[in-house]
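We're numbering straight along the sequence, starting at 1. The analysis underlying the following values was restricted to heavy atoms, covering all of them including side chains, and did not include hydrogens, waters or symmetry mates. Since we're looking at a predicted model, the values are computed, not measured. In each ligand, atom 1 is the first atom listed, and ligand 1 is the first ligand listed.
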Amino acid sequence: MSRISVVVSGFDPYEGVDANPSLQVARRLAAEGVGTQDGLDVDVHEAILPVSFSETWPALSEVISRTDPAIVVATGLKRSARGIELERCATNLMEYRHEDDDAGGVRREPVRPGGPAAYWTRLPLRAILRDFSHDDIPATLSSDAGTWVCNSLFYRLLDWAHSRGRALAGFVSLPPVPDDPSSSCGLAVDRQTDALRDVVGMTVRHWRGAGDDVLVS
Ligand code: PCA
């Protein structure tokens, strides 16, 4: 059977976040796999990334070089999210605090000087949302992955995808995991993992439907 390589990334814990659901979801998906999709065996590889503007993309890029994926789905925690948020676009902007700065300590710079202002993802977001509604997973589309490390990774990733023709890449923002399982806010790691399984499965089928076997070995 033909195989397809997929990378799912998540982030390490960071300030105020002891357990990042994106790390747990990427680990679980790589361990459990997503089964066969449309006649393709799917190899899911995890990439666990440091929360750092300068180190995140090199770390993901190393996993991409090693595994040669046709699809990359990055994930990260969005503390304000109430459900899964499928990100539509990445913007060429990073904002961060810098003590020496005049503008109240906030510095703004492009992710890639001279790069396009924004990129759209080519993940089949509406078809994924339909799968989510069958599986009762709360989700919305979003046009804002913020201006911090998640957005800058997403921008670098779409830069890469645009240079790769048929490769598909996207970013999924994850909500916090509730401390109390009966809470109506946030989503348990099991459900977040189900969501990512839907994202990868639908994206593989979409990629397959687009024709051209160039990236299938
Ligand atoms: N969320 C952060 C970076 C790592 C993560 O999981 C963000 O919103 O940019």
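Listed for the D43 side chain is no donor-acceptor partner under 3.5 Å among the backbone atoms of S5. In this structure, D135 contributes its side chain and A195 its backbone to no donor-acceptor pair below 3.5 Å. At least one donor-acceptor pair under 3.5 Å links the side chain of T121 to the backbone N or O of A169.
Polar contact with ligand 1: absent for A145 (N/O pair, distance under 3.5 Å). Not a single N or O atom of W148, backbone or side chain, sits closer than 3.5 Å to an N or O atom of ligand 1.
Other residues, nucleotides and ligands contribute over 12 non-hydrogen atoms within 6.0 Å of the CZ atom of R88.
Each of W160, Y119, F171 was scored for a ring-ring contact (aromatic ring centres under 6.0 Å, His included) with Y155, with one residue passing: Y119.
Between E46 and R28 no salt bridge is recorded (no basic side-chain N to carboxylate O distance below 4.0 Å).
Atom 2 (C) of ligand 1 has as its closest protein heavy atom C150 SG, 3.4 Å. Counting only heavy atoms of the protein, atom 5 (C) of ligand 1 lies nearest to Y14 CE2, 3.4 Å. When hydrogens are left out, the protein atom nearest atom 1 (N) of ligand 1 is L77 O, 2.9 Å; that is the closest non-hydrogen contact.
At a heavy-atom cutoff of 4.0 Å, ligand 1 is contacted by the side chain of N20 but not by its backbone.
Close contacts of ligand 1 with G76, meaning ligand atoms under 4.0 Å from a residue heavy atom, involve 6 (O).
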